[in-house]
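What follows is a structure written as structure tokens; I'll ask about it next.
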Amino acid sequence: MRIVIADDAVLLREGLVRLLTESGHQVVAAVGDGDALVEAVVEHQPDVSIVDVRMPPTHTDEGLRAAVEARRLVPRTPILVLSQYVEVSYADDLLATTGGAGGGIGYLLKDRVAAIDEFLDALRRVAGGGTVLDPEVVGQLFARRRRDDPLRELTPREREVLALMAEGRSNTAIARALVVSDGAVEKHVRNIFTKLTLPPDTEQHRRVLAVLTYLRN
């Protein structure tokens with residue numbers, strides 16, 4: 001894959017460059033601020049970009065805002081955001097750029113980078129157009145459900161399946177995690193689509209809509 005990295009921490013940035021290069025990928029740009037990220041995405045149109053949320057000058061949400069701008073200029077360009085802490089609002093803002101139409105989006109805690117195989121798998125899924133969310137982000141989103149939760153019709157097992165979908169897992173991966181058959185997962189997924197009254201469309205589009213419903217309520 002052709003990859004852009006944006007992180008102001010030189011050690012992490014160079015560590016990612018080395019990790020990705022040794023894994024057979026090409027880092028086409030490694031930058032340290034949001035403006036440079038946007039320029040690199042427009043110029044190189046990479047397969048995926050890895051972006052730190054907090055970058056200069058204020059170290060608040062410059063990276064996130066740059067990622068949103070990059071997706072505005074290069075629609076659906078895959079972005080994997082890395083954050084030191086769980087910031088649920090950041091996940092919401094980034095997911096809003098999908099417009100329900102897909103496009104690779106990921107939000108992981110930086111600690112996940114240490115689990116190299118899992119990190120590289122998440123990166124591949126985002127580059128392939130999937131949505132990957134850190135389990136801790138999913139947990140916090142689940143904890144803030146409102147009373148008028150549109151997911152209230154789902155069974156506990158269907159909620160588990162939807163939570164795993166929000167982490168970007170395939171039906172097969174969900175089946176392994178829950179120790180059930182692929183057919184059982186497919187049935188749960190169909191029930192989720194039906195109960196959320198999602199319009200008939202492609203499987204990927206309906207999965208994105210289901211995850212957005214899950215995250216925004």
Side-chain angles (χ1 to χ4, degrees), residues 1-99 101-137 167-168 208 215:
M1 293 184 290
R2 299 172 62 257
I3 301 170
V4 165
I5 299 172
D7 196 311
D8 67 304
V10 176
L11 287 178
L12 179 58
R13 188 171 70 231
E14 293 305 314
L16 284 171
V17 170
R18 180 173 179 178
L19 168 64
L20 295 168
T21 300
E22 290 179 350
S23 298
H25 304 298
Q26 179 186 6
V27 177
V28 295
V31 301
D33 63 74
D35 290 342
L37 164 67
V38 175
E39 292 175 4
V41 170
V42 171
E43 177 182 354
H44 297 287
Q45 302 207 7
D47 297 311
V48 63
S49 298
I50 303 170
V51 182
D52 183 20
V53 167
R54 300 183 178 188
M55 288 196 289
T58 68
H59 294 278
T60 53
D61 64 349
E62 281 85 358
L64 174 78
R65 288 190 281 111
V68 171
E69 176 66 7
R71 282 177 66 86
R72 185 186 70 82
L73 296 174
V74 184
R76 294 192 289 182
T77 185
I79 301 280
L80 175 61
V81 167
L82 298 179
S83 180
Q84 192 70 41
Y85 310 101
V86 176
E87 299 279 4
V88 172
S89 62
Y90 292 169
D92 278 341
D93 289 345
L94 194 61
L95 283 161
T97 68
T98 67
I105 285 293
Y107 185 107
L108 294 180
L109 294 180
K110 286 188 174 180
D111 290 347
R112 306 295 176 193
V113 177
I116 295 175
D117 289 342
E118 292 182 17
F119 171 69
L120 293 175
D121 178 62
L123 192 63
R124 284 190 292 269
R125 282 186 280 158
V126 171
T131 301
V132 177
L133 295 177
D134 195 285
E136 289 192 31
V137 175
E167 292 178 17
V208 170
L215 294 174

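Numbering of residues begins at 1 and proceeds along the displayed sequence.
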- Message: The test is side-chain contact (heavy atoms from CB on, under 4.5 Å); show your working for Leu16 and Ile3 and say whether it passes.
- Response: CA-CA 10 Å; Leu16 284 171; Ile3 301 170; over 6 Å; no

- Message: Give me the atom names and distance for the closest heavy-atom approach of Val31 to Ala36.
- Response: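 Closest pair (atom of Val31, atom of Ala36, distance): CB-CB, 3.6 Å.
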
- Taking the side chain as every heavy atom from C-beta outward, state whether Val4 and Val28 have any atom pair closer than 4.5 Å.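 Yes, at least one pair of side-chain atoms sits under 4.5 Å.
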
- Please round to the nearest 0.5 Å and tell me the distance separating atom CG of Leu80 and atom CG of Leu123.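 Leu80 CG to Leu123 CG: 6.0 Å, rounded to 0.5 Å.
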
- Compare all side-chain heavy atoms of Met1 with those of Leu20 and state whether any distance is below 4.5 angstrom.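 Answer no - side chains too far apart.
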
- Task: Evaluate side-chain contact (heavy atoms from CB on, under 4.5 Å) for Val41 paired with Leu73, printing each intermediate quantity in order.
- Result: CA-CA 9 Å; Val41 170; Leu73 296 174; over 6 Å; no

- Task: With the side chain counted from C-beta on, respond yes when Val42 and Val74 share a heavy-atom pair under 4.5 Å apart, and no when they do not.
- Result: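 Side chain of Val42 against side chain of Val74, heavy atoms only: contact under 4.5 Å found.
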
- Query: Which value, rounded to the nearest 0.5 Å, describes the distance between Asp35 atom CG and Glu39 atom CD?
  - Reply: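 Spacing of CG (Asp35) from CD (Glu39) equals 6.5 Å.
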
- Task: Indicate the atoms forming the closest heavy-atom contact of Ala29 with Ala40, along with that distance.
- Result: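 Shortest heavy-atom separation between Ala29 and Ala40 comes out as CB-CB, 3.8 Å.
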
- Query: Do Asp121 and Arg125 touch side chain to side chain, with heavy atoms closer than 4.5 Å?
  - Reply: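 Yes - at least one pair of side-chain heavy atoms lies under 4.5 Å apart.
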
- Item | Enclosure of Glu118 CD (heavy-atom neighbours >12, cutoff 6.0 Å) |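 No.
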
- Item | For the student: nearest non-hydrogen atoms of Gly63 and Val51, plus distance |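 So the minimum-distance heavy-atom pair works out to O-CG1, 3.5 Å.
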
- What heavy-atom pair brings Ala66 and Leu37 nearest, and what distance separates the two atoms?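 Reported closest heavy-atom pair: CB-CD2, 3.8 Å.
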
- Would you mind checking if Asp52 and Lys110 are paired as a salt bridge, meaning a charged N to carboxylate O distance below 4.0 Å?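 Looking at Asp52 together with Lys110, the answer is yes, because their closest N to O distance falls below 4.0 Å.
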
- Message: Distance check, rounded to the nearest 0.5 Å: Asp134 atom CG versus Asp111 atom CG?
- Response: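 Reported to 0.5 Å precision, the distance equals 8.5 Å.
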
- For the residue pair Thr77 and Arg71, what are the closest heavy atoms and their distance?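 What the structure gives for the nearest pair is O-NH1, 2.8 Å.
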
- Glu167 side, atom CD; Tyr107 side, atom OH - distance, nearest 0.5 Å: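 Glu167 CD to Tyr107 OH: 14.5 Å, rounded to 0.5 Å.
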
- Item | Straight-line distance of His44 NE2 to Arg2 CZ, nearest 0.5 Å |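 Here the rounded value is 7.5 Å.
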
- Least distance between heavy atoms, Arg13 atom then Ile5 atom: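 Scanning both residues completely, I find the closest heavy atoms to be CG-CG2, 3.9 Å.
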
- Hey, what do you get for CD (Glu62) to CD (Glu69), rounding to the nearest 0.5 Å?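 Reported value, rounded in 0.5 Å steps: 14.0 Å.
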
